[in-house]
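Notes follow once the structure below has been shown.
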Amino acid sequence: MAASYWDSHCSRNLVSKEQLECSHAEDRLLGLTREHIQQLNVYFCASIAELAKQLKLRQRVAATAMIYFRRAYLCNNFCRLDPRLVYVACLYLACKAEESLLAAKHLVVHAKNLRPKWTYDVKDLLDMEMVLLEDLDFNLIVFSPYRELARLLSDAGVEQACAQRAWGALNDSYRSDVNLLYPPHIVALGCLCLAAGSCGVDLTAWLQRLNVDLGQVAAVVAELTALYPQNSAGMGADECHRLLDLVGTRWDSSASGSGERRR
Amino acid sequence: MAENYIRGALLGQGTFAAVYKGADKRTGKEVALKEIFPDEKGGAEGKKGLDPTALREIKLLRELQHEHIIRLVDAYPKKKSVVLVLEFMHSDLEAVIKDANLVLSAADVKSYMKQLLQALAACHSRWVLHRDLKPNNCLIAPDGSLKLADFGLSRVYGSPDGRLTNRVFAPWYRAPELFFGARQYTAVVDVWAAGCIMGELLLRRPLFDGMCDIDVLSKVFALCGTPGVEGNWPAARDLPAFLQFTETRPLPLRQVFPAASSDALDLLGRMLVLDPLKRISSAEALRHPYFANNPPPTPPALLPRPMKREDAPLGAGAGAAGKGRERPSPAASPRSAKMPRRSGLGTASPH
Ligand SMILES: Nc1ncnc2c1ncn2[C@@H]1O[C@H](COP(=O)(O)OP(=O)(O)O)[C@@H](O)[C@H]1O
Ligand SMILES: [Mg+2]
């Protein structure tokens with residue numbers, strides 16, 4: 001496999017810090033703070049993971065869905081496009097894109113099961129699929145760092161405990177922005193470095209043999225480290241509903257012309 | 001955006017889409033509009049959303065950008081489905097092969113094969129299998145060059161879970177390991193189909209045009225010999241749907257293609273190797289001396305031109321060169337997942 005290819009692919013789909021900074025402008029006008037938005041992102045990515053687990057989907061499908069979710073809100077606002085529907089639609093689309101087909105009806109049943117207050121139906125889900133496709137600009141291939149991390153772990157030959165931590169860090173990485181900002185092999189490497197640091201494993205010699213931008217790796221490690229202090233403060237469903245009620249979101253397929261939703 | 005395109009005449013119809021001629025209102029440029037049929041099984045409610053086949057095609061075309069792969073210019077939703085805006089193509093390789101008025105020189109065949117293998121190598125280097133290679137999915141651009149199209153059955157392989165469906169390819173172009181039920185095949189399934197196309201370009205008729213799976217296989221073995229003979233692909237026996245045919249030895253290709261050059265036949269022989277592990281890869285095939293030797297491949301602009309699609313709409317039934325043999329509706333087998341493809345194959349022993 002040509003590394004340059006992955007690089008070019010990945011950079012095409014990466015976003016800049018500036019892009020992230022100016023997203024959710026309308027939501028912020030309506031009173032959500034950046035912290036609220038961050039918490040909501042974490043909440044919905046966790047919901048994707050939960051729903052995927054309930055449906056026994058592969059990790060990779062969930063990872064793709066989370067990236068779709070984040071990318072969808074680069075040009076959208078929670079107040080215009082209800083994330084409670086979007087996160088389920090992201091999972092539905094990711095199932096198709098990752099060849100793990102799932103009936104929409106089935107998914108709707110599970111979504112209701114997971115969040116009893118969930119009020120949407122199959123039609124809403126399928127309408128949202130179309131909206132998502134367009135907002136993602138039909139860009140559906142996501143290379144996640146999972147395969148990359150497996151390769152790095154066997155190459156570096158670290159012990160089991162350290163590997164375990166690295167996998168944990170990677171799962172957590174979806175609560176941050178690193179998977180939008182950096183290519184998969186850099187994220188994987190960041191997770192490994194973080195794990196090595198906390199297990200007291202010295203990877204310096206091994207790292208020097210790799211031909212990568214260590215500045216980027218360090219940036220990933222910094223972002224991941226910043227996750228941990230706020231770790232416990234996960235948002236509950238009630239707080240989520242309260243915030244979304246604040247911006248008054250509700251998806252109504254008949255009312256929204258496609259141009260109107262956008263910024 | 002839908003408003004940007006005008007829709008014109010129907011160009012062709014496939015299993016899951018209708019393709020119309022169109023034009024970009026902003027530039028006046030010709031395009032093809034591939035309108036995916038909304039999922040009929042879901043009824044008016046559209047219970048399933050966008051057809052996974054369409055999604056696959058969009059996903060991969062969005063990724064693959066290559067001189068010999070059809071370009072996805074744009075895409076937009078329309079009535080519960082999606083329209084793919086593709087660059088407009090004049091014709092396809094099936095029309096070229098069937099057009100009795102066209103003479104294909106050795107250099108022309110080399111040119112088509114080179115373009116086709118370049119497209120395949122680009123797919124394979126990105127871990128994409130096409131899985132529906134056949135002459136009418138090789139389109140001919142207005143500038144004469146070949147572009148690989150119809151990625152509805154293609155997919156990214158090498159995923160850890162590995163198992164793939166063997167119900168791919170039109171039977172005439174399906175590699176023997178697929179007939180025998182292999183679920184962990186590789187990119188060389190596309191190379192087999194490319195070999196079939198090369199043979200078809202040389203013969204001007206399909207190489208293995210059997211009436212059913214068994215018939216196709218027996219034609220394959222009549223040319224390539226049965227598995228097991230002379231150490232030819234002994235591992236075939238371990239495949240789930242292996243069938244023992246009456247033993248035959250391979251036929252010298254020279255006998256079937258008396259006019260072809262020996263370097264052409266050497267390459268063809270390497271693409272049509274039964275054992276997938278010994279079959280040449282698309283990248284290796286491009287490095288075969290055949291492509292460096294004389295005559296050089298014809299530049300695309302000088303390739304013979306089949307009749308334009310508009311003048312002979314393929315969707316209407318009549319092929320560009322009048323009626324050829326009826327092809328068994330090929331895409332039907334891999335795509336209508338309901339029909340068990342190998343019914344009969346297990347019971348009727350051809351032995
Ligand atoms: N870009 C194009 N330009 C002109 N005609 C096309 C184009 N793409 C497809 N067609 C025509 O439409 C037919 C069906 O398209 P195809 O992509 O093969 O769909 P299917 O997957 O349904 O077979 C083709 O055989 C061809 O005749
Ligand atoms: Mg086709």
Side-chain angles (χ1 to χ4, degrees), chain A residues 1-6 8-10 12-13 57-61 64 68 88-89 92-108 121-144 146-148 150-151 253 258-259 262, chain B residues 1-3 36 38-39 41-66 72-85 121-129 153-165 283 337:
Chain A
M1 112 177 92
S4 59
Y5 166 68
W6 299 120
S8 77
H9 162 87
C10 296
R12 249 198 291 149
N13 284 316
L57 293 167
R58 291 170 298 152
Q59 181 77 49
R60 171 171 170 165
V61 180
T64 296
Y68 289 171
V88 182
Y92 183 58
L93 195 57
C95 283
K96 281 188 191 173
E98 298 286 352
E99 307 280 349
S100 299
L101 294 189
L102 192 69
K105 221 168 40 187
H106 191 56
L107 184 57
V108 163
D121 59 18
V122 171
K123 181 178 179 305
D124 296 320
L125 180 64
L126 297 180
D127 287 344
M128 185 53 78
E129 179 190 27
M130 285 299 160
V131 171
L132 261 183
L133 272 171
E134 216 184 347
D135 287 349
L136 294 172
D137 198 16
F138 294 90
N139 237 324
L140 300 172
I141 295 192
V142 171
F143 290 104
S144 56
Y146 285 89
R147 216 196 301 181
E148 206 56 46
R151 203 176 56 75
S253 57
S258 61
R262 297 168 173 241
Chain B
M1 283 283 93
E3 309 87 78
I36 311 297
D39 187 30
K41 275 164 270 150
E45 289 298 307
K47 291 234 170 56
K48 291 212 198 104
L50 182 59
D51 188 311
T53 322
L55 190 113
R56 250 178 235 128
E57 180 157 31
I58 295 171
K59 183 178 84 174
L60 294 166
L61 283 182
R62 197 76 178 65
E63 279 308 299
L64 296 166
Q65 288 169 20
H66 186 269
L72 179 66
V73 180
D74 195 1
Y76 55 86
K78 180 181 172 182
K79 289 195 210 135
K80 312 274 168 222
S81 188
V82 163
V83 181
L84 278 64
V85 184
C123 294
H124 296 166
S125 74
R126 285 152 178 73
W127 301 83
V128 171
L129 302 183
L153 279 181
S154 58
R155 68 167 287 175
V156 179
Y157 69 107
S159 57
D161 40 323
R163 277 173 70 83
L164 299 168
T165 171

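Because the structure is a prediction, the values reported are computed rather than measured. In what follows, chains are A, B, ... by sequence order, proteins preceding strands, each numbered from 1.
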Using side chain to side chain contact (heavy atoms under 4.5 Å, CB included), reason through Phe138(A) and Val82(B) one step at a time and then give a plain yes or no. CA-CA 10 Å; Phe138(A) 294 90; Val82(B) 163; 4.0 Å; yes

Stepwise side chain to side chain contact (heavy atoms under 4.5 Å, CB included) test for Glu63(B) and Asn139(A): CA-CA 8 Å; Glu63(B) 279 308 299; Asn139(A) 237 324; 4.2 Å; yes

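When all heavy atoms of Leu50(B) and Met130(A) are compared, the closest pair comes out as CB-CE, 3.9 Å.
Between the CG atom of Leu140(A) and the CZ atom of Arg56(B) there is a distance of 12.5 Å, given to the nearest 0.5 Å. Residue Leu55(B) holds its CG atom at 8.5 Å from CD of Glu99(A), rounded to the nearest 0.5 Å. Atom-to-atom distance recorded for Lys59(B):NZ and Leu93(A):CG is 10.0 Å, nearest 0.5 angstrom. Rounding to the nearest 0.5 angstrom, the gap separating the NZ atom in Lys96(A) from the CD1 atom in Ile58(B) is 10.0 Å.
The main-chain N or O of Asp137(A) is found under 3.5 Å from a side-chain atom of Arg62(B) such that the two form a donor-acceptor pair.
Using a 4.5 Å heavy-atom threshold, the side chains of Pro77(B) and Leu133(A) count as separate.
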